[in-house]
Protein chains: 2
Amino acid sequence: MVMTEEREAARVNHDAAMPVYRQLAAILRDQIASGHLAAGRVIPTEKVLMEVHDLGRDSVRKALALLREAQLIESVPGRGTFVTENGQALALEQAKGQ
Amino acid sequence: MVMTEEREAARVNHDAAMPVYRQLAAILRDQIASGHLAAGRVIPTEKVLMEVHDLGRDSVRKALALLREAQLIESVPGRGTFVTENGQALALEQAKGQ
DNA sequence: CAGCATTTGTACGTATGTATG
DNA sequence: ACATACATACGTACAAATGCT
C-alpha cells in the first residue's frame, strides 16, 4: 500500500453546527498553513469554490472576507485572490491557537 | 429665527462614487463620534436603516460589519446593536484621520 | 484600438434559523 | 406562544478591473 502526501480534500458539511462560511475559511486557512496553497496566485476563484463546496457566492465571499481580515489573502478585481507574503506564517500561527 | 442643534440627517447618495454601504458606515460613525448616537441601546435596527436610507439588507449589514470590525458597535441577536463602551472615543479618533 | 471572457465588487431580493424579551 | 432583531444562506443582476485576442 502506497502512502502519498495526498489527503481527502476537506469539504464543507452543510449539516454541521458551524456556519459553512466559517468551515470554508478554516479549510482554506489550513491549506495555506500547510503550504498546499502557497504564495502567489493561489486561491481558487469564487466560482470554483462555489462549485467544489456546493456553496452560494455569499458564503464563499464571507469565508474569503475572514481570511482577508486576518491578512492571509488579498483580492484584486479582474485578477484573483492571492496568499499574502506572510500568509503562510500567519496561517500557521493561527492554526496553532486552534 | 431660531437656531437649533438639529441638522439635516445625513443620507446616502445612491449615485455617488463611494459605495452606499461605506457611506452609511461613515454617517453612523460620525453620529457616534458626535454623541448623536451614544453608548447603550442606540443603533437603529437594520429594518429602520433600510427604510430610512432606502437600502437593501445587504448594504446595511455591510455597513454595520465595518463598524463592528472597528469595534465601534456590537450586535446581539434578538436585542439589537449597541455602541461599545469606548465607541465614541474610537469614532472620534477615526473621524480625525479622515 | 475594440471586443470579449474572466474575476472580484456592489447591491438588490428572499427564505429560514437563532436569540431575546 | 409570539413578536422582534440579528445571523446564515441561497439566488439574481450589473459594475469595474484585468488580461487576452
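Below, read A as the first sequence line, B as the second, and so on, with proteins coming before strands; counting in each chain starts at 1. Fair warning: this is a prediction, and the values are worked out from it, not measured in the lab.
Contact annotation: R61(A) reaches the phosphate of dG9(C) (side-chain N/O to OP1 or OP2, under 4.0 Å). Look at T81(B) and you'll find a side-chain N or O under 4.0 angstrom from OP1 or OP2 of dC6(D). OP1 and OP2 of dA9(D) both lie 4.0 Å or more from every side-chain N or O belonging to Y21(A). Dashed line: the shortest gap from a side-chain N or O of S59(A) to OP1 or OP2 of dT8(D) is not under 4.0 Å.
Listed candidates were dG21(C), dT8(D), dT10(C). Nearest to the side chain of P19(A) is dT8(D). Distances from the side chain of L55(B) to the nucleotides dA9(D), dC12(C), dG21(C) place dC12(C) closest. Closest to the side chain of P77(B), out of dT8(C), dC6(D), dA9(D), is dC6(D).
Rounding to whole angstrom units, CD1 of residue I73(B) and P of dA5(D) are separated by 16 Å. Atom P of nucleotide dA11(C) and atom CG of L24(B) are separated by 11 Å, given to the nearest angstrom. One interatomic measurement links the two molecules: CZ of R57(A) to P of dG9(C), which rounds to 8 Å at whole-angstrom precision. One interatomic measurement links the two molecules: CZ of R79(B) to P of dA3(D), which rounds to 21 Å at whole-angstrom precision. Straight-line distance from the CZ atom of R68(A) to the C1' atom of dT7(C): 12 Å, rounded to whole Å. If you take CG of N13(B) and C1' of dT10(C), they are 15 Å apart, rounded to a whole angstrom. The CZ atom of F82(B) sits 16 Å away from the P atom of dA19(C) (whole-angstrom rounding). Atom CG in D58(A) sits roughly 13 Å away from atom C1' in dT10(C) (whole-Å rounding).
When side chains are defined from C-beta on, L49(B) does not count as touching L55(B), because their heavy atoms never get closer than 4.5 Å. Inter-residue side-chain proximity for L28(A) and L64(A) is flagged as met; some heavy-atom pair is nearer than 4.5 Å.
Nearest heavy atoms, Y21(A) versus A63(A): O-CB, 3.3 Å.
Base pairing analysis places dA1(D) opposite nothing; no Watson-Crick or G-U wobble pair with both distances below 3.5 Å involves it.
Among the protein residues, L64(B) comes within range of no part of the nucleic acid, since none of its heavy atoms lies under 4.0 Å from any strand. Within 4.0 Å (heavy atoms only), G56(B) reaches sugar-phosphate atoms of the nucleic acid but no base atom.
L37(B) is not connected to F82(B) by any chain of hydrophobic side-chain contacts under 4.5 Å among Ile, Leu, Val, Met, Phe, Trp and Tyr, and they are in different clusters.
Mapped onto DNA chain C by nearest heavy atom, E46(A) and D54(B) fall at different nucleotides, with E46(A) at the one closer to the 5' end.
Side chain of E46(B) to backbone of R57(B): no donor-acceptor contact under 3.5 angstrom is found.
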